[in-house]
Amino acid sequence: MPVPDHPGGPVSQFSRRTFLVTGIAAGAVAGVPAAHAASRTSRELTSDPFTLGVASGDPDSDGFVIWTRLAPRPLAEDGMGGMPARPFRVHWQVYADEGGRAVLRHGVATAAPEWGHSVHVEVDGLFSDRDYWYRFRAGAYVSPMGRARTAPHPLSYGSGLTMAFASCAQYEHGHFTAYRRLAEENPDLVLHLGDYQYEYQRDTYTIPGGNVRHHEGPETETLANYRQRHAQYKTDPDLQAAHAAAPWLVVWDDHELDNNWADEVPEKPEIPQPGFLTRREAAFRAYYENMPLRRRSVPKGIDLQLYRRIRWGRLAAFHMLDTRQYRSDQGCGDGYRDCPEAADPARSITGEEQERWLIEGFHRSRAQWDIIGQQVFFAQRDNNAGPAKITSQDAWDGYVASRQRITQGWVDAGVRNPVVLTGDVHAHWASDLKLDYDDPTTRTVGSELVTSSISTGGDGRDSDPAAHPFLTINPHLKFYNNQRGYVITKIERELLTADFRVLPQVTQPGAAVHTKATFVIEDRVPGVRQTYLRPIGPQARTLPPADQIQETVDLETRRP
């Protein structure tokens with residue numbers, strides 16, 4: 001489908017007629033003639049309310065969620081997007097064709113002020129393993145068109161799956177060109193693995209040379225703050241293009257609330273923050289309002305059900321995790337540390353209930369590929385060549401027993417092809433997964449693919465991955481690249497192919513994308529195998545090993 005460059009505007013004569021002919025505008029809603037309701041809405045909406053675009057998500061074999069949010073003034077400080085404080089009727093249609101001529105489903109939803117005038121419609125009754133298109137109307141305005149896709153029938157492998165995954169989009173650090181390039185790949189499914197937005201006030205979290213764009217408003221702490229910040233990100237046309245291109249599966253990491261938060265503990269517990277739980281409730285509510293999530297994820301106070309399982313027929317099961325809401329606090333603080341508490345079996349990154357749900361899912365799965373979509377680095381990464389073990393305490397290295405139980409869980413369940421997908425660390429990685437990382441001769445039991453950031457960290461730089469000391473210290477690590485981008489995967493019955501896509505720059509818009517490396521995972525052969533590596537350019541410079549280690553640590557951990 002064509003990738004939209006801007007949100008929808010006033011209805012053209014053709015678009016308006018399309019809606020009228022289908023009967024949406026002619027029907028009655030809740031006893032009120034639709035024509036009367038539409039005319040009242042038209043009087044109140046005097047500018048385009050679809051400035052935040054459209055999205056779809058959480059597909060199954062007969063449907064998906066479609067989403068939009070009304071916001072004629074998206075950056076309004078009160079977080080209400082310039083909308084009057086009353087409900088609005090929003091008409092929606094789902095089509096069999098990109099031109100919007102064959103209407104398959106239609107209806108009317110309510111955009112309520114208490115939910116930020118967001119709309120979440122759960123569409124069902126569709127055919128499996130097919131593309132569909134959708135859009136919305138409010139008053140005299142029609143939204144952009146979005147593309148969605150249903151999963152294959154539960155007993156079918158379907159026609160293959162092109163899946164992209166991404167994470168970490170700091171608006172101030174660069175343009176969202178990587179989202180545009182991702183959309184142009186025409187994926188069937190997109191996984192976003194966290195740090196969809198960042199909480200910081202303008203110029204608080206900076207890159208060398210200065211930020212290229214700026215956040216509106218203060219550090220996000222209130223519902224109005226979070227709504228405004230989500231709206232600012234959603235006004236980006238490249239992000240809108242990625243949402244319109246395919247259905248998304250989303251999970252959060254830390255910056256959707258507060259850097260490195262853990263359950264009910266803020267980043268800096270030594271600083272009294274009596275309002276942290278109120279802040280958490282606001283962040284969760286705004287997250288739901290702005291994501292294509294089903295009603296099972298409607299927040300209840302400070303809680304939101306985000307971990308869930310999405311089945312793509314017999315081909316793949318996606319186990320989407322939440323490694324923030326239930327985790328034990330970091331045992332030795334944040335950053336890279338030698339931390340004995342990391343091995344404490346009582347500590348968990350998932351919480352007991354989610355861990356049990358995940359392992360039970362392994363035992364019930366009959367999928368060809370079991371894919372764990374989650375936030376933080378799974379494999380061990382020791383940054384010290386000596387006897388000390390210095391690892392990132394915010395990642396699974398800070399929760400060693402938790403990682404061991406889950407890895408043993410998929411081994412015991414006989415999972416055919418376990419693959420962990422990861423974001424967070426602002427660089428591309430690929431690794432083999434072990435039960436014992438301290439003995440490199442032990443067998444490989446799984447694979448991990450890690451995506452770089454969309455923009456966080458600025459442009460980055462190309463390098464020879466074999467020269468990175470992490471790969472020598474940790475032989476199970478097979479690839480590293482510090483450029484911005486995403487990963488595009490092709491999942492077939494016998495093979496998973498992952499292209500690590502990178503951009504030479506994000507501090508200027510419009511960069512072309514290329515593949516830095518390709519890895520494959522073969523059916524029933526755990527571990528990653530490189531099949532392509534693009535040589536580094538003549539302008540690339542190699543840092544001394546100690547500087548490379550420090551660069552990697554800083555890229556992941558440097559904060560205000």
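What you see is a predicted model, and the numbers here were worked out from it, not measured in a lab. All heavy atoms count here, side chains included; hydrogens, waters and symmetry mates do not. In what follows, residues are counted from 1 in the order of the sequence shown.
Ring geometry for Phe519 against Phe500 counts as perpendicular: the plane angle is over 60°, on a 0 to 90° scale with 30° as the lower cut. Ring-plane geometry between Trp248 and His192 is classed as parallel, the angle between the planes falling under 30 degrees on a 0 to 90 degree scale with a further cut at 60. Classified by interplanar angle (parallel below 30°, tilted 30° to 60°, perpendicular above 60°), the ring pair Phe362/His319 is perpendicular.
Taking a cutoff of 4.0 Å between a charged side-chain nitrogen and a carboxylate oxygen, Arg347 and Asp329 do not qualify as a salt bridge. For the pair Arg229 and Glu216, the salt-bridge criterion is not met [side-chain N within less than 4.0 Å of a carboxylate O]. With salt bridges taken as basic N to acidic carboxylate O contacts below 4.0 Å, one links Arg279 and Asp258. Remark: Asp253 engages Arg324 in a salt bridge, criterion side-chain N to carboxylate O under 4.0 Å. A salt bridge does not link Glu185 with Arg181: none of the charged nitrogens is closer than 4.0 Å to a carboxylate oxygen. Look at Arg541 and Asp462 and you find no salt bridge, because none of the NZ, NE, NH1 or NH2 atoms lies under 4.0 Å from a carboxylate O.
Relative to the six-membered ring of Trp429, Arg381 meets both conditions, a distance below 6.0 Å and an angle of at most 45° to the axis.
Among residue pairs with one or both ends in residues 526-538, those qualifying as side-chain hydrogen bond (donor to acceptor under 3.5 Å, both in side chains) are Glu522-Arg529; sequence neighbours excluded.
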Under 3.5 Å, sequence neighbours excluded: what are the donor-acceptor pairs made by side chains of residues 200-208?
{"residue": "Asp203", "atom": "OD1", "partner": "His214", "partner atom": "ND1", "Å": "3.4"}
{"residue": "Thr204", "atom": "OG1", "partner": "Gln201", "partner atom": "O", "Å": "2.8"}
{"residue": "Tyr205", "atom": "OH", "partner": "Arg559", "partner atom": "NH1", "Å": "3.1"}

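Tested against His468 for a side chain to side chain donor-acceptor pair (under 3.5 Å), the candidates Thr542, Asn482, Thr552, Asn481 yield a single pass: Thr552.
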Step by step, would you call Tyr307 with Trp357 a ring-ring contact (aromatic ring centres under 6.0 Å, His included)?
CA-CA 9 Å; Tyr307 69 83; Trp357 166 87; 4.9 Å; yes
Chi angles and distances behind the side-chain contact (heavy atoms from CB on, under 4.5 Å) call for Val445, Lys434:
CA-CA 6 Å; Val445 297; Lys434 305 273 188 177; 5.5 Å; no
Evaluate salt bridge (charged side-chain N to carboxylate O under 4.0 Å, His left out) for Asp188 paired with Lys490, printing each intermediate quantity in order.
CA-CA 10 Å; Asp188 301 314; Lys490 178 67 174 178; 5.5 Å; no
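For the residue pair Gln380 and Thr391, no side-chain donor N or O sits within less than 3.5 Å of a side-chain acceptor on the partner.
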